[in-house]
Peer 1: 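A single structure is presented below for examination.
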Amino acid sequence: MLVIMTIVTAIEVGIGTTVGNGHFWGYYPGRWWAKIILKTLLIPVTVEGSEHLEKGRSYVFVANHQGIFDIFLIYGYLGRNFKWMMKHQLGNIPFVGFACRKSHQIFVDKRGPKKIKATIDAARKILSEKGMSVVVFPEGSRSFTGHMGQFKRGPFWLADELQLPVVPLTINGSFDIMPRQRDWHFANWHPLRLTIHKPIYPTGQGPENLQATLQQAYETVMSGLEEKYKGFMENPDQ
């Protein structure tokens, strides 16, 4: 079911972005796809903190990365038009990579200065458009245990350069539904919860603001986790 729905959605995105509004077709089919999957699996979703977001403002959203169901939760229930910042390797996935390229998702490519600059330029262009935001998993890879690893500096550097607020997101339940070690197995039934914390606004510009924002975001995301997943645990993928 997941594979078929993903292929259909990817084709819809490809056609829609070719003939129509790229921001609409780059977001809403994915949102519907995510919601249908969670509703089909009878997974209840709770969203807290939506009132913290201002209409028409751009944000850099940063979230912990418990599992693949993070994608469905954020896409379906964040309620903001955004672009993903994702590993460039995901562009090689059949249908998914095609849809992501057509909808101008941002591939993070660190294979040399030119590719890094292209990544930054793409993110800057998206965030310069009124109301457009980006979503990033600063850990860079999914957790093996449900705990958080380290946050990388990239999204915080971007927010500092453009003087944009960072919004921490805490995801609970995704690891319980499908741990990384059980990819492509049947999903376990478990509620999902997305906590949208208060935005962290820049208090300056430069290394001090960057580091302070990163630390505050990390502690805020951690504070919203279930007790069994609180605390740092090293991720060998980082």
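Residues: numbered from 1 along the sequence shown.
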Peer 1: Assert yes or no for the condition that the ring centre distance of Phe175 to Tyr229 is strictly below 6.0 Å.
Peer 2: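 Here the rings of Tyr229 and Phe175 have centres that are less than 6.0 Å from each other.
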Peer 1: Checking Ile74 against Trp84 for the side-chain contact (heavy atoms from CB on, under 4.5 Å) test, could you report, in this order, the C-alpha distance in whole Å, the side-chain angles of both residues, the deciding distance, and whether it holds?
Peer 2: CA-CA 10 Å; Ile74 291 177; Trp84 294 100; 3.7 Å; yes
Peer 1: State the CE-OG1 distance between Met5 and Thr40, to the nearest 0.5 angstrom.
Peer 2: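 Reported to 0.5 Å precision, the distance equals 5.5 Å.
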Peer 1: If you measure from CD on Gln216 to NE2 on His197, what distance do you get to the nearest 0.5 Å?
Peer 2: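 If we round to the nearest 0.5 Å, Gln216:CD and His197:NE2 are 11.0 Å apart.
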Peer 1: Has the side chain of Glu139 got a donor or acceptor atom that lies under 3.5 Å from a matching backbone atom of Gln150?
Peer 2: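 Side chain of Glu139 to backbone of Gln150, a donor-acceptor pair under 3.5 Å: no, none is there.
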Peer 1: Please examine the side chains of Arg153 and Pro138, heavy atoms only from C-beta on, and report whether any two atoms are closer than 4.5 Å.
Peer 2: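 A side-chain contact under 4.5 Å is absent here.
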Peer 1: Could you name each residue pair satisfying side chain to side chain donor-acceptor pair (under 3.5 Å) that touches residues 43-52, not counting sequence neighbours?
Peer 2: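 Found Glu48-Thr195.
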Peer 1: Which residue pairs pass the ring-ring contact (aromatic ring centres under 6.0 Å, His included) test when at least one of the two sits in residues 98-125, sequence neighbours left out?
Peer 2: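 Residue pairs passing ring-ring contact (aromatic ring centres under 6.0 Å, His included), neighbours aside: none found.
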Peer 1: Is there a chain of hydrophobic side chains (I, L, V, M, F, W, Y, each step under 4.5 Å between heavy atoms) that links Ile36 to Tyr27?
Peer 2: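 Yes, one cluster joins them.
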Peer 1: Under a plain distance cut-off of 3.5 Å, with no hydrogens placed, do Trp33 and Thr6 share a side-chain donor-acceptor pair?
Peer 2: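 There is such a pair (donor and acceptor under 3.5 Å, judged by atom type) between the side chains of Thr6 and Trp33.
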Peer 1: Starting at CD1 of Ile68, measure out to CD1 of Ile177 and round the result to the nearest 0.5 Å.
Peer 2: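 The distance works out to 9.5 Å.
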Peer 1: Within a 6.0 Å radius of atom CZ on Arg31, are there more than 12 heavy atoms belonging to other residues, nucleotides or ligands?
Peer 2: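 Check passes, neighbour count above 12.
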Peer 1: Counting C-beta onward and ignoring hydrogens, is there a side-chain heavy-atom pair between Met178 and Asn188 closer than 4.5 Å?
Peer 2: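 Met178 does not reach Asn188 side chain to side chain.
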Peer 1: With a 3.5 Å distance limit and no angle check, can you tell me whether Gln105 reaches the backbone of Ala99 through a side-chain donor-acceptor pair?
Peer 2: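 Absent.
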Peer 1: Check this for me: does any side-chain nitrogen of one of Asp176 and Lys228 sit under 4.0 Å from a carboxylate oxygen of the other?
Peer 2: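 A salt bridge is present here (some side-chain N lies under 4.0 Å from a carboxylate O).
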Peer 1: Would you say that Phe156 contacts Tyr218 through its side chain, given a criterion of any heavy-atom pair below 4.5 Å between the two side chains?
Peer 2: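 Result no, sub-4.5 Å side-chain heavy-atom pair not found.
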Peer 1: Kindly indicate, with the supporting measurements, whether the criterion side-chain contact (heavy atoms from CB on, under 4.5 Å) is fulfilled by Thr170 and Leu225.
Peer 2: CA-CA 7 Å; Thr170 301; Leu225 286 172; 3.9 Å; yes
Peer 1: If you round to the nearest 0.5 Å, how far is OG of Ser128 from CG of Leu164?
Peer 2: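 So the CG of Leu164 and the OG of Ser128 are separated by 10.0 Å.
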Peer 1: Is the shortest side-chain heavy-atom distance between Phe61 and Val136 below 4.5 Å?
Peer 2: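 Counting from C-beta outward, Phe61 and Val136 never come under 4.5 Å.
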Peer 1: How long is the straight-line distance from NE2 of His23 back to NZ of Lys83, given to the nearest 0.5 Å?
Peer 2: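 Lys83 NZ to His23 NE2: 5.5 Å, rounded to 0.5 Å.
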Peer 1: Output yes when a side-chain donor or acceptor of Glu129 lies under 3.5 Å from a complementary backbone atom of Ile126, and no otherwise.
Peer 2: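 Answer holds: no.
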Peer 1: Under 3.5 Å, side chain of Gln205 to main-chain N/O of Glu161, donor-acceptor pair present?
Peer 2: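 Yes, the answer is positive, given that a donor and an acceptor are paired below the 3.5 Å cut-off.
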Peer 1: Please work out whether the ring planes of Phe72 and Phe69 are parallel, tilted or perpendicular, with thresholds of 30° and 60°.
Peer 2: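 It falls in the perpendicular class, over 60°.
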Peer 1: Return each pair, listed once, that meets side chain to side chain donor-acceptor pair (under 3.5 Å) where at least one residue sits in residues 59-78; pairs must be two or more places apart or across chains.
Peer 2: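 As it turns out, the side chain to side chain donor-acceptor pair (under 3.5 Å) pairs with a partner in residues 59-78, which skip direct neighbours, are His65-Asp70, Asp70-Ser174.
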Peer 1: Please check this pair: side chain of Asn172 against backbone of Gly224, looking for a donor-acceptor N/O pair closer than 3.5 Å.
Peer 2: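 Looks like yes, one N/O pair under 3.5 Å.
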Peer 1: Report yes if some heavy atom in the side chain of Val60 is under 4.5 Å from a heavy atom in the side chain of Ser133; otherwise report no.
Peer 2: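 Of all side-chain heavy-atom pairs linking Ser133 with Val60, none is under 4.5 Å.
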Peer 1: So with a 6.0 Å cut-off around CD of Glu208, is the heavy-atom count from everything else above 12?
Peer 2: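 Counting other residues, nucleotides and ligands, CD of Glu208 stays at 12 neighbours or fewer.
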Peer 1: Phe24 versus Thr17: any side-chain heavy-atom pair under 4.5 Å?
Peer 2: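 Side chain of Phe24 against side chain of Thr17, heavy atoms only: no contact under 4.5 Å found.
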Peer 1: Take Ser143 and Met233 through the test side-chain contact (heavy atoms from CB on, under 4.5 Å) and record every step on the way to the result.
Peer 2: CA-CA 9 Å; Ser143 171; Met233 191 163 291; over 6 Å; no
Peer 1: Does Ser141 form a side-chain contact (heavy atoms from CB on, under 4.5 Å) with Arg180? I'd like the steps, not just the answer.
Peer 2: CA-CA 10 Å; Ser141 59; Arg180 182 170 180 174; 4.1 Å; yes
Peer 1: Of all the heavy-atom pairs spanning Leu158 and Ala123, show the shortest one and how long it is.
Peer 2: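 Distance-wise, the nearest heavy atoms are CD2-CB, 3.6 Å.
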Peer 1: Rounded to the nearest 0.5 Å, what separation is found between the CZ atom of Arg80 and the CZ atom of Arg57?
Peer 2: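 So the gap between those two atoms works out to 9.5 Å.
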Peer 1: Do Val3 and Phe95 belong to the same hydrophobic cluster, where Ile, Leu, Val, Met, Phe, Trp and Tyr are linked whenever their side-chain heavy atoms lie under 4.5 Å apart, directly or via other members?
Peer 2: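 Yes, Val3 connects to Phe95 through the hydrophobic network.
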Peer 1: Linking I/L/V/M/F/W/Y whenever their side-chain heavy atoms sit closer than 4.5 Å, directly or via other members, would Val96 and Val13 fall into one cluster?
Peer 2: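 Result: no, two separate clusters.
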Peer 1: With the 4.5 Å side-chain cut-off for hydrophobic clustering, are Trp189 and Leu2 part of the same group?
Peer 2: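 No, no single cluster joins them.
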Peer 1: Write down the atom of Pro168, the atom of Ile200, and the distance for their closest heavy-atom approach.
Peer 2: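 What the structure gives for the nearest pair is CG-CD1, 3.8 Å.
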Peer 1: Taking the side chain as every heavy atom from C-beta outward, state whether Ile37 and Ile43 have any atom pair closer than 4.5 Å.
Peer 2: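 Answer no - side chains too far apart.
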Peer 1: Does atom NZ of Lys198 have more than 12 heavy-atom neighbours from other groups under 6.0 Å away?
Peer 2: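 Count not over threshold, so no.
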Peer 1: With a 4.5 Å limit on heavy-atom distance, are the side chains of Leu194 and Leu169 in contact?
Peer 2: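 In short, these two side chains touch, coming nearer than 4.5 Å.
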Peer 1: Okay, side chain of Ser58, backbone of Met132: is any donor-acceptor separation there less than 3.5 Å?
Peer 2: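 A pair under 3.5 Å: yes.
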Peer 1: Applying a strict under-4.5 Å side-chain criterion to I, L, V, M, F, W and Y, I'd like to know whether Ile71 and Phe144 cluster together.
Peer 2: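 Ile71 does not cluster with Phe144.
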